[in-house]
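See below for the structure under consideration.
FYI, the numbering just counts along the sequence from 1. Everything numeric in this text was worked out from a predicted model, so none of it was measured.
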Amino acid sequence: MTEETMVARTVINAAADTVFDLLADPSTHASIDGTGWVRKPVDGDRLTGTGQIFRMGMYHDNHPNKDYEMANRVEVFDRPRAIAWQPGAEPRHIPGRQGFDDDAPVEYGGWLWRYHLEPVGTDQTEVTLTYDWSRVPRPRDIEFPPFPRQHLDNSLTHLAELAERG
């Protein structure tokens, strides 16, 4: 694949504020996720601005640990128009202690999840989901994209179901 982005779009029957609020709440991310890898938020804070880091519990059969964490840094926070985050390597475990070293630097991989929301009237929102791996350095440890485009469509379907439930 020569392209370094995948894009999916849908129109959701809900206001942009409603859709944005779901995306800014990490507790909804497992329900939105189209891959089935996202499990639960590690910290319960809502997203409030760029630079904020939120950790998510993840699971993948091909990951060496199966269960792992990602530390995501909010890159775009433009309520209710756009939100994006860049996943980073899980925080390092502190030997002999519970928890993680919150002061350890997170290594970001260069890929980005971005949702762009465009109001269509007062009760509909066109949502564009972009998965961008153009900043992933080469050589790459894994093949990009690590999942088929259908996972983006699945995410938008799940987001629509949550938003339209209201």
Determine whether the aromatic ring centres of His29 and Phe54 lie less than 6.0 Å apart. yes
Indicate, with yes or no, if Val127 and Val74 share a hydrophobic cluster defined by side-chain heavy-atom contacts under 4.5 Å among Ile, Leu, Val, Met, Phe, Trp and Tyr. yes
Residue pairs fulfilling ring pair (Phe, Tyr, Trp, His ring centres under 6.0 Å) with at least one residue in residues 6-27, sequence neighbours excluded: Phe20-Phe77
Straight-line distance of Trp133 CH2 to Thr5 OG1, nearest 0.5 Å: 6.0 Å
Closer than 4.0 angstrom, basic N to acidic O: yes or no for Arg138 and Glu4? yes
Is there a donor-acceptor pair under 3.5 Å between the side chain of Thr18 and the backbone N or O of Ala163? no
Write down the atom of Pro26, the atom of Leu47, and the distance for their closest heavy-atom approach. CG-CD2, 3.9 Å
Smallest separation among heavy atoms of Pro119 and Ala16, with atom names: CG-CB, 4.1 Å
Indicate if Leu156 and Val76 have the same hydrophobic cluster label, given that clusters are the connected sets of ILVMFWY residues with side-chain heavy-atom separations under 4.5 angstrom. no
With rounding to the nearest 0.5 angstrom, report the CG to CZ distance, Leu129 to Arg114. 11.0 Å
When you measure from the side chain of Asn72 to the backbone of Trp85, do you find a donor-acceptor pair of N or O atoms at a distance under 3.5 Å? no
Please check if the side chain of Asp132 supplies one atom and the backbone of Leu112 the other of a donor-acceptor pair under 3.5 Å. no
Salt bridge check: are Arg149 and Glu3 linked by an N-O gap of less than 4.0 Å? no
Ionic contact status for Arg79 with Asp21, cut-off 4.0 Å: yes
Determine whether a donor-acceptor pair (N or O, by modelled atom type, separation under 3.5 Å) exists between the side chain of Glu164 and the backbone of Asn13. yes
Can you name the closest pair of heavy atoms from Arg39 and Ala30 and give their distance? O-CB, 3.2 Å
Heavy-atom closest pair (Ile53 atom, Asp43 atom, distance to 0.1 Å) is O-OD2, 4.4 Å
For residues 45-54, which residue pairs qualify under side chain to side chain donor-acceptor pair (under 3.5 Å), counting only residues two or more places apart or in two chains? Asp25-Arg46, Thr48-Gln52
Considering all heavy atoms of both residues, which atom of Val7 and which atom of Thr128 are nearest to each other, and what is their separation? CG1-CG2, 3.5 Å
is_close_aromatic(Trp113, Tyr115), centroid dist under 6.0 Å: no
Is Ile83 reachable from Met6 through a run of hydrophobic residues whose side-chain heavy atoms are each under 4.5 Å from the next? yes
Please work out whether the ring planes of Phe147 and His151 are parallel, tilted or perpendicular, with thresholds of 30° and 60°. perpendicular
